[in-house]
Amino acid sequence: MPNLKPPITTTSAAVAYRESILKAIPKDSNFNPLMTLYLTDMTTPDEIKLAKKSGLVYGVKLYPAGATTNSQDGVTDIFGNCFSVLEEMAEKNLPLLVHGEVTNSNIDIFDREKVFIETILEPLVQRLPQLKVVMEHITTADAVKFVESCKEGYVAATVTPQHLLLNRNALFQSGLQPHNYCLPVLKREIHRQAIVSAVTSGSKRFFLGTDSAPHDRRNKECSCGCAGIYNSPVALSLYAKVFEEAGALDKLEAFTSFNGPDFYGLPRNKLKIRLRKAPWKVPDYLSFPFGDIVPMFAGETLEWEALPC
C-alpha cells in the first residue's frame with residue numbers, strides 16, 4: 001500500500017519503493033511486491049498510463065482525505081478532481097482500491113462506510129461500470145449487499161481477520177483496548193455475522209486482505225493512539241478458525257489464494273502453506289529495532305498453525 005510519508009503518488013516513486021523492499025528481504029525469498037499508487041486530487045491520466053506501462057503497478061488506492069493513517073494527501077472530491085483519471089484506469093484495466101469511508105465529521109463514525117457506499121461507490125459504479133473496484137477491509141452488511149449487487153468480476157471486497165472475529169464491544173472490554181482499534185472501526189455483531197456469511201459462502205467476490213498495521217506499541221498505548229491492528233503473524237490461523245466454525249474449511253483456500261489473483265488477472269501462486277490443527281501461543285509482543293509491536297490476540301492460544309509446505 002502507498003500511504004507512506006511521503007505517499008507513493010508516482011510510478012517512479014513506486015519503482016523506487018519496490019527496489020527498497022527487494023533489498024530488504026532475504027536473498028532466497030521469492031516475494032514479489034505488487035505496487036500501488038496513492039490517488040490524489042493532482043493525479044493525472046498520464047500518470048496512469050505510466051503506471052500501466054511499467055508492469056509493476058497493479059492498482060490505485062483511494063484514501064478519502066483524513067480517513068485513515070497517512071491519508072491527509074488523499075482525495076477531497078473524487079468526481080470533481082479525479083474522474084478523468086478513473087476513466088483512464090478503466091481503459092487500462094487498472095483497479096481502484098478503496099478505503100470506503102466518508103470523512104464528514106457530522107457523520108457518525110459507525111455509519112461512514114454505509115454513507116460512502118450511498119454517496120460515492122454506487123454513483124461511481126453507475127457512471128463507470130467498466131472500472132474494476134476493490135472495496136478494501138469491508139466492515140458492514142451494507143458493504144456485503146453492495147458488492148453482491150454489482151456485476152461479478154468488476155467489484156470485489158477484501159476482509160480482515162479482525163472484522164470477521166471482533167465486534168465493537170472488543171474496543172471496550174475490561175477497559176479501553178487500543179490494540180483492537182483500527183479504521184474502519186469495528187462494527188455491531190450483526191455486521192460481523194453478515195461478513196462471515198459472505199466470505200464462507202464460497203463467493204468469488206470476497207478475498208483475503210489483512211490490512212495489517214505494525215504500529216509501535218508506544219504509538220498505540222498513548223493518549224491519542226493510532227489506528228491499525230498487527231495481524232500478520234496470526235492471520236491465517238484466524239481465517240482458518242472462522243471457516244472451521246462456519247463448517248466451510250473447504251472454501252478457505254479459494255478465499256485466501258484464488259479469488260484475489262483471479263480478480264486481478266494474475267497467476268495463482270504455485271507454492272503452498274500447510275495449516276495444522278495444533279495449539280500455539282501468540283507472543284505478547286514482537287521486538288524490532290524501532291520498538292515493540294503487539295500482535296492481534298497477543299498472549300492467547302490459537303488452534304491452527306501455519307507452516308511451510
Side-chain angles (χ1 to χ4, degrees), residues 1-5 7 61-72 74 97-116 135-143 157-196 208-235 237-239 241-242 282-288 290-300 302:
M1 288 293 108
N3 55 331
L4 309 185
K5 290 183 178 180
K61 185 71 182 280
L62 165 61
Y63 297 98
T68 189
T69 306
N70 295 342
S71 63
Q72 61 272 14
L97 319 179
V98 178
H99 180 110
E101 291 186 289
V102 296
T103 56
N104 186 333
S105 60
N106 293 323
I107 305 298
D108 190 293
I109 192 170
F110 294 103
D111 295 330
R112 291 180 183 179
E113 183 171 280
K114 179 177 184 291
V115 174
F116 185 90
M135 193 173 182
E136 303 285 2
H137 42 60
I138 63 169
T139 67
T140 61
D142 307 277
T158 61
V159 185
T160 73
Q162 57 264 30
H163 292 112
L164 287 170
L165 284 163
L166 304 176
N167 61 37
R168 63 187 188 180
N169 290 341
L171 289 165
F172 309 109
Q173 288 174 343
S174 303
L176 193 62
Q177 301 297 325
H179 296 288
N180 289 338
Y181 171 55
C182 60
L183 289 172
V185 72
L186 300 171
K187 302 297 195 300
R188 288 179 180 271
E189 174 65 10
I190 189 172
H191 294 294
R192 188 195 69 82
Q193 291 178 5
I195 297 170
V196 170
L208 180 153
T210 64
D211 197 36
S212 188
H215 293 299
D216 184 323
R217 73 186 304 167
R218 291 170 298 185
N219 292 320
K220 292 287 290 180
E221 300 173 4
C222 59
S223 61
C224 188
C226 56
I229 294 175
Y230 182 51
N231 60 38
S232 289
V234 298
S237 300
L238 296 180
Y239 284 126
K241 171 182 170 65
V242 170
V282 182
D284 292 328
Y285 61 89
L286 295 155
S287 293
F288 295 90
F290 55 82
D292 297 337
I293 303 176
V294 178
M296 185 177 176
F297 285 18
E300 298 190 28
L302 302 184

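Keep in mind that this is a model prediction, so the values were computed, not measured.
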Notebook entry, point to check: Between atom SG of C226 and atom CZ of R218, what is the distance when rounded to the nearest 0.5 Å?
Noted result: 11.5 Å

Next item on the list: Output the distance between atom OH (Y230) and atom CG (D211), rounded to the nearest 0.5 Å.
Entry: 13.5 Å

Next item on the list: Please list, chain by chain and in numerical order, all residues satisfying salt bridge (charged side-chain N to carboxylate O under 4.0 Å, His left out) with K187, sequence neighbours excluded.
Entry: none

Check: Looking at A67 and L183, what are the two nearest heavy atoms and their distance?
Finding: O-CD1, 3.4 Å

Check: Does the pair E221 and V294 meet the rule for a side-chain contact (heavy atoms from CB on, under 4.5 Å), with working shown?
Finding: CA-CA 10 Å; E221 300 173 4; V294 178; 4.2 Å; yes

Checklist line | Between CG on residue L238 and CZ on residue F297, distance to nearest 0.5 Å | finding: 5.5 Å

Check: Any idea which heavy atoms bring P64 and L62 closest together, and the distance?
Finding: CD-O, 3.7 Å

Note to self: With a 3.5 Å distance limit and no angle check, can you tell me whether K220 reaches the backbone of Y181 through a side-chain donor-acceptor pair?
What the structure shows: yes

Next item on the list: For the residue pair E101 and H99, confirm or rule out a side-chain donor-acceptor distance under 3.5 Å.
Entry: yes

Item checked: Heavy-atom neighbours of R217 CZ exceed 12 at 6.0 Å -> yes

Checklist line | Rounded distance [0.5 Å steps], SG in C182 versus NE2 in H215 | finding: 10.0 Å

Note to self: Using every non-hydrogen atom in the two residues, find where G209 and T158 come nearest and quote the distance to one decimal.
What the structure shows: CA-CB, 3.8 Å

Note to self: Is it the case that the side chain of E113 and the backbone of T140 share a donor-acceptor pair, with hydrogens and angles ignored and the cut-off at 3.5 Å?
What the structure shows: yes

Enumerate donor-acceptor pairs with a distance under 3.5 Å from any side-chain N or O in residues 164-171 to protein atoms, sequence neighbours excluded.
{"unit_1": "N167", "atom_1": "OD1", "unit_2": "N169", "atom_2": "N", "d": "2.9"}
{"unit_1": "N167", "atom_1": "ND2", "unit_2": "E189", "atom_2": "OE1", "d": "2.8"}

Checklist line | Pairwise side-chain contact, F116 with I107, heavy-atom cut-off 4.5 Å (strictly under) | finding: no

Checklist line | Non-hydrogen atoms of P161 and N231 that approach each other most closely | finding: CD-ND2, 3.5 Å

Notebook entry, point to check: At their closest point, which heavy atom of P184 faces which heavy atom of H137, and how far apart are they?
Noted result: CD-ND1, 3.2 Å

Check: Atom OG1 in T139, atom CZ in F110: separation rounded to 0.5 Å?
Finding: 10.0 Å

Next item on the list: Answer yes or no: does atom OH of Y285 have more than 12 heavy-atom neighbours from other residues, nucleotides or ligands under 6.0 Å?
Entry: no

Margin query: On a heavy-atom basis, which atom in P295 and which in V282 lie closest, and how many Å separate them?
Written below: CG-CG1, 3.7 Å

Item checked: Gap between atom CG of L186 and atom NE2 of H163 - 0.5 Å precision -> 5.0 Å

